[in-house]
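Residue numbering restarts at 1 for every chain, and letters A, B, ... go by the order of the sequence lines.
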2 protein chains.
Amino acid sequence: MGNSRVTVREIARLAGVSVATVSRVSNGTGQVSEEMRRRVLDAIEKYGYRPDHLGRALAARRHGALGLVFPGLSGPYFTELIQGFESEAVPARASVHILCTHLREDSDDQVLEMARRVDGVAVVGGTISDPALLRLAEMVPVVVLAGRGPETVPSVSVDNAPAMARLTRHLLVDHGLRDLAFVGNPDGSPDVSERWAGFRDAYRELDLDPPAEPVRVAMQQPDGVLAAERLLTGGAAPQAVVCANDEIALGVLVGALGRGLRVPEDLVITGFDDAPMAALVAPPLTTVRQPIRDLAAEAARSILTAVDAPGAAAPDSIVLPTEFVVRRSCGCPAESPTGGTGK
Amino acid sequence: MGNSRVTVREIARLAGVSVATVSRVSNGTGQVSEEMRRRVLDAIEKYGYRPDHLGRALAARRHGALGLVFPGLSGPYFTELIQGFESEAVPARASVHILCTHLREDSDDQVLEMARRVDGVAVVGGTISDPALLRLAEMVPVVVLAGRGPETVPSVSVDNAPAMARLTRHLLVDHGLRDLAFVGNPDGSPDVSERWAGFRDAYRELDLDPPAEPVRVAMQQPDGVLAAERLLTGGAAPQAVVCANDEIALGVLVGALGRGLRVPEDLVITGFDDAPMAALVAPPLTTVRQPIRDLAAEAARSILTAVDAPGAAAPDSIVLPTEFVVRRSCGCPAESPTGGTGK
DNA sequence: CGGTTAACAGAAACCGGTTTCAGGCACGAT
DNA sequence: ATCGTGCCTGAAACCGGTTTCTGTTAACCG
């Protein structure tokens, strides 16, 4: 009936057995006779005993919790991230602590504080400083999610640079465009930094001079609108806008359409992520699909194994493949002529 | 130097004092002579002692953590929610556990499981069953966030129905429209349910017959695109689409624009939330601003006080006001003629 | 029938803190 | 000199579990 305030010792007393036996029954460990097991189970059932999480955690020296640290940005990307992470954590009976560091200057400390409450942490790339990451790593298993940390900290990420180079090459070669603008802040996240690098690589492979500067904005739709404002107002609008993610691209698209431009005739726009909306807008976005869910799931898995095997060496960093998705916003006709897998 | 594996008893031994004194110093409780305090602080500093969270939590019978349960939907709404919640939790030194129940059928159990690891829980309305909510409430302080639960469970929400009635009245009376479609699934969340009710109320106040059925879709941009497809394909397109939130509205807008419709000339569209994008699209969205951050912060505050005062009666439910925001998607000219505060 | 072994139960130690409680000491008042 | 009276301090109990380790009992074996 009642439920919470009942302890092992009470159950032991009520069932006329020792606490050790109660513990054994409730965990299914060790050997217990049928008779004892019955008595204990009856008492547990009758008084609604549930072992206290803290007591158990203290004894096991394990919190049964994983931490996820991210900047706190909105959008489908982070939703997928969280869900992918949970999809691994929940079956492992680990709860998920989150920390949005967004706009807080003391985030390094807060992450360290979090580390004392969880068994392992996944940190989204670019969220905290490298020194903090290292300190964190000597407290609990850590993995950098979408990005890279110091050499010794494992990470899971995607092949951003090659993928973005592939996309950019498509615009430069297949569509013969030359004047491309890159929208996104390379200093803001490792992902964007790598994409910006890939973007410039594509130019250099063709012996062309890449743009010197990106249009530095954050990663959400409103930032795309802002970027469109900057790019499309005044004289020199580019032929194409290569965006660091789909959300920015959607924002740019809205901004362009709102100015009466036709896409892709007057302006080519591309994204990155293949968010759900990418296929639904008019025109549908040419973009790069990345396995966000898998990424986060992989991170959680990696942490969980590191937690279970405290001795083992840090797991390797892994890089997941992406897929180039050609749709119409780049100027290709409805069915993709050059579509296929990236890299 | 080193950091984690050092305990009170070690510090006590090293400093030549008792564990009680170490505990007193490290917590600043009780009376300790200057001499002792020095010795202990030196040892703490030297060996990098940080009290273990589990030990402390067990002794205090308090987890120092709050739970936040939501369906796992994407979008600016939930981001604001999380950040508002954290803005109260973090200063109170409580970490935040999250649980996305999205698409999982065993969510009731998982919520109950979470309750054993936190001091209190905020549940987004419509996420778990009422019986589960009641069971939850007898374990820890609970508040329903954006919605209502059973009578005995406090909630924080906004004045959805009056706000939506106000907006609908604007379309019916000020713009003389009659054929409105409501997009959103009233069964999916209490918020939508109340908005749908407010929508119909506006009709009835004017002795008009409201639409019998809403267009039932989920709450994200792609769902809005889907709704646009259903509404605008075939003969009978409505004069206006009243959306349960801004994201749906944005989706509908994209769908409408993609079909060559002019907004608001050919089709009026309204939203709810006043998300950042609402003001940035062309045309800007007429919508209802709700204080999402405050809502979540209020929920966290309410739980924290309930945790601190275990005896006290459950706090009252509170309803925060919204604000009607008139922009151009309803057909109003650039400057709002009837703007102002709602209700 | 004696001896070995396996199965099982419980007392006690342990995880790492906090808190109660009793005692020692110095001081001032009587 | 005696008695309070505060101020500090530390031993021990406690929070609620798990686990080791010892001991008993019964079964099995030669």
Here DNA chain D, pairs taken as Watson-Crick or G-U under 3.5 Å and shown with ( ), [ ] when crossing and | when to another strand, reads ||||||||||||||||||||||||||||||
Leu58(B) CG to dC15(D) P, in whole Å, measures 9 Å
Readout for nucleotides 4-12 of chain C: B = base within 4.0 Å of protein heavy atom, S = sugar-phosphate only, - = neither; 5' to 3' it is ----SBBBB
Test side chain to side chain contact (heavy atoms under 4.5 Å, CB included), reference Leu145(B), set Leu295(B), Val121(B), Ile303(B), output is Leu295(B)
Notebook entry, point to check: Are Asp308(A) and Arg62(A) ion-paired here, with the side-chain N under 4.0 Å from a carboxylate O?
Noted result: yes
Thr79(A) side chain to Gly75(A) backbone, donor-acceptor under 3.5 Å
yes
From CG of Asp52(A) across to C1' of dC15(C) the rounded distance in Å is 13 Å
Taken in chain and number order and not counting sequence neighbours, the residues that satisfy salt bridge (Lys or Arg N to Asp or Glu O under 4.0 Å) with Arg293(B) are Glu80(B)
Whole-Å distance, Ile44(A) CD1 to dG17(D) P, equals 10 Å
Quick check on dG16(D): is either OP1 or OP2 less than 4.0 Å from any side-chain nitrogen or oxygen of Arg9(A)? no
For nucleotides 4-6 of chain D, list the nitrogen or oxygen atoms of the protein found under 3.5 Å from its nitrogen or oxygen atoms, one pair per line.
none

note: His53(B), atom NE2; dG17(C), atom P; distance rounded to Å ~ 12 Å
Here the distance between atom C1' of dT18(D) and atom CD1 of Ile11(A), to the nearest Å, is 16 Å
Applied to residues 143-155 of chain A, the side chain to side chain donor-acceptor pair (under 3.5 Å) test, sequence neighbours excluded, yields Ser155(A)-Ser317(A)
Check: Hey, are Glu35(A) and Arg38(A) close enough for a salt bridge, meaning a charged N less than 4.0 Å from a carboxylate O?
Finding: no
- [ ] Give a yes or no on whether the backbone of His63(B) and the side-chain of His53(B) come within a donor-acceptor separation of less than 3.5 Å.
- [x] yes
Rounded to whole Å, the CG-C1' distance (Asn27(B) to dG16(C)) equals 13 Å
When you measure from the side chain of Ser23(A) to the backbone of Ala20(A), do you find a donor-acceptor pair of N or O atoms at a distance under 3.5 Å?
no
- prompt: Taking NZ, NE, NH1 and NH2 as the nitrogens, is one of them in Glu138(A) or Arg135(A) under 4.0 Å from a carboxylate oxygen of the other?
  reply: no
**Message:** Need one value for Leu54(B): base, sugar-phosphate or nothing, where a base atom within 4.0 Å counts as base even if backbone is also close, heavy atoms only.
**Reply:** nothing
Where the side chain of Asp106(A) meets the backbone of Asp109(A), is there a donor-acceptor pair that is under 3.5 Å apart? no
**Prompt:** OP1 or OP2 of dT18(C) sitting under 4.0 Å from any side-chain N/O of Arg56(B)?
**Reply:** yes
Within a reach of under 6.0 Å around CG of Asp316(B), are more than 12 heavy atoms found that belong to other residues, nucleotides or ligands? no
Phosphate OP1/OP2 of dT18(C): any Ser23(B) side-chain N/O under 4.0 Å:
yes
In short, salt bridge (charged side-chain N to carboxylate O under 4.0 Å, His left out) pairs touching residues 20-33 of chain B with sequence neighbours left out are none
>> dG17(D), OP1 or OP2 - any side-chain N/O from Tyr49(A) closer than 4.0 Å?
In response: yes
To the nearest angstrom, the CZ-P distance between Arg62(B) and dC15(D) comes to 18 Å
